[in-house]
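Working notes for the structure below.
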Number of protein chains: 4
Amino acid sequence: MSVPPTHRSGHPPAVGTFTTELSVRFPDVDAAGIVYFAKAFDYAHLAWEELLAAGGLPLHEAIPGRPWILPLIHAEADYRRPMRFGERLRVEASLTDVGGSTVTLRYAVRGAEGELRATVTLVHCAVDKASARRIPLPEEVLAVLGRAGLSLPATA
Amino acid sequence: MSVPPTHRSGHPPAVGTFTTELSVRFPDVDAAGIVYFAKAFDYAHLAWEELLAAGGLPLHEAIPGRPWILPLIHAEADYRRPMRFGERLRVEASLTDVGGSTVTLRYAVRGAEGELRATVTLVHCAVDKASARRIPLPEEVLAVLGRAGLSLPATA
Amino acid sequence: MSVPPTHRSGHPPAVGTFTTELSVRFPDVDAAGIVYFAKAFDYAHLAWEELLAAGGLPLHEAIPGRPWILPLIHAEADYRRPMRFGERLRVEASLTDVGGSTVTLRYAVRGAEGELRATVTLVHCAVDKASARRIPLPEEVLAVLGRAGLSLPATA
Amino acid sequence: MSVPPTHRSGHPPAVGTFTTELSVRFPDVDAAGIVYFAKAFDYAHLAWEELLAAGGLPLHEAIPGRPWILPLIHAEADYRRPMRFGERLRVEASLTDVGGSTVTLRYAVRGAEGELRATVTLVHCAVDKASARRIPLPEEVLAVLGRAGLSLPATA
């Protein structure tokens with residue numbers, strides 16, 4: 001008998017998304033027994049780390065190994081239903097926008113029945129480490145996201 | 001010689017804002033030595049706790065003592081310049097919107113020279129504890145914010 | 001191709017231990033790129049949550065569902081070698097002492113080659129919720145730990 | 001009327017201690033409304049940061065500015081009474097041991113009436129940054145602690 005994994009990642013359940021699973025941990029919840037709002041951003045960042053790894057460029061290799069970094073310039077979350085201690089959650093990441101220097105991902109956090117609990121949007125901006133200036137988004141970033149199953153919907 | 005306070009709160013430096021000061025702590029920063037993005041939401045929530053206390057209804061009394069709670073339904077942040085370990089920051093809270101059930105505050109996080117580092121917006125929604133349903137924003141909430149110096153700009 | 005799980009738990013690799021795996025996440029590390037010391041306690045608590053679940057009494061069910069709780073009365077950690085961002089770690093839990101009201105577990109945190117990074121010891125005390133007083137350790141606690149593979153070494 | 005500071009540091013209330021004040025914040029507490037155990041280590045580290053600053057060598061200057069660092073090799077806490085959301089706490093730091101490479105501080109966390117809530121002990125070890133090896137404790141460390149009011153009790 002194997003103990004079920006408590007945090008599992010996998011390939012997209014649907015075209016264009018990458019799914020990470022996690023459990024709500026004791027330190028994640030507040031005095032009301034529900035996930036403290038800022039923790040939703042950690043859940044999205046966890047999914048970001050997972051999808052970079054799935055795409056072949058783990059963040060812990062990207063940070064020292066590339067001349068660029070991808071700091072966040074914007075983050076936002078909408079909370080639909082409380083997430084409770086002990087729950088299994090599924091974070092579905094999708095690519096929603098690619099600008100000159102920026103890349104935007106949306107993370108839908110869902111409960112066991114697939115119902116939406118929260119959505120998080122993170123906007124990263126490519127910055128050259130040496131000059132600390134914005135640079136065009138490196139093509140490698142989109143290649144990595146593509147290998148994790150993420151791509152922009154084709155436009156007509 | 002007195003040791004300078006490391007986290008000080010005070011009355012509005014300008015009409016309509018409430019200012020909280022804090023220091024960037026060691027556990028707040030990431031591997032790059034700058035504040036981890038999700039921490040900005042903690043800074044805003046700290047200011048929220050301070051201004052409720054200044055308005056006479058500390059959050060730790062409001063949660064058990066009122067039939068309503070004010071959970072967040074939306075949170076967002078824009079990051080302008082890195083916040084670094086050891087820095088003194090000033091969080092200026094202002095009231096930006098009041099809806100039927102909601103109240104929206106904006107938190108401008110500034111460095112020692114007043115330069116903007118990040119802005120955080122938090123939207124709270126009044127919920128009745130017993131029914132877990134939205135209710136009209138209790139008048140007491142605006143009274144508390146008012147006593148902390150926050151009010152909506154008068155409209156023409 | 002399956003994406004490797006990033007946090008997996010399993011049955012004891014050796015008699016008397018319960019192993020949980022985890023990855024060092026970006027928010028876990030400090031400005032030096034190594035795990036912030038207090039985070040080691042979170043890793044041990046994560047293993048505690050996992051082994052309770054493996055033993056059939058997940059913490060999120062135990063807290064509301066039992067007349068007792070098991071708050072910590074002592075926690076300690078020894079740090080041997082730095083744990084770095086991106087590393088896979090293995091946390092091996094073992095039961096080291098059972099007193100009148102207390103139960104003590106030791107968590108050995110190991111790197112990919114099995115080398116010791118840190119050890120954490122957590123001492124829980126059984127407390128009756130209603131009276132807030134110490135009570136003898138409920139037998140169910142040892143039964144749960146036993147089902148997760150943990151027992152005290154037999155003494156001569 | 002001035003809003004009372006919510007986190008204040010000051011000179012020793014008694015010979016040989018350095019006191020930092022803080023408030024228990026909403027994200028600090030767990031589902032039971034009491035401070036999550038690992039957070040006590042953050043409180044002690046906050047006091048450590050404050051006393052280094054009071055002694056003239058803030059940690060954010062020490063880390064980049066000295067050839068040595070003072071990582072923790074041991075941390076422990078004893079929990080006496082719950083610390084609750086909204087409480088003002090006082091952390092009294094004292095110097096309890098100086099070894100060849102190590103320096104040990106004890107942090108007594110007290111409530112409003114002075115009653116002990118928790119004690120935390122942190123053992124730091126001096127390490128040369130370049131070689132990553134232990135070195136004798138730099139004299140500057142004791143000088144800094146001394147300027148913050150901390151010294152070892154004289155022995156007979």
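So that the names make sense, note that chain A is the first sequence line, chain B the second, and so on, each numbered from 1. As the structure is a computational prediction, the values presented were derived from the model and not from experiment.
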Among residues 57-77 of chain D, which residues come closer than 4.5 Å to chain B, judged by heavy atom distances? D/Leu59, D/His60, D/Ile63
Do you know which two heavy atoms are closest between D/Val24 and B/Glu49, and how far apart they sit? O-OE1, 4.5 Å
More than 12 foreign heavy atoms under 6.0 Å from CD of D/Glu139: is that the case here? no
May I ask you to name which of D/Gly33, D/Ala53, D/Gly86 has the most heavy-atom pairs under 4.5 Å with chain B? D/Gly86
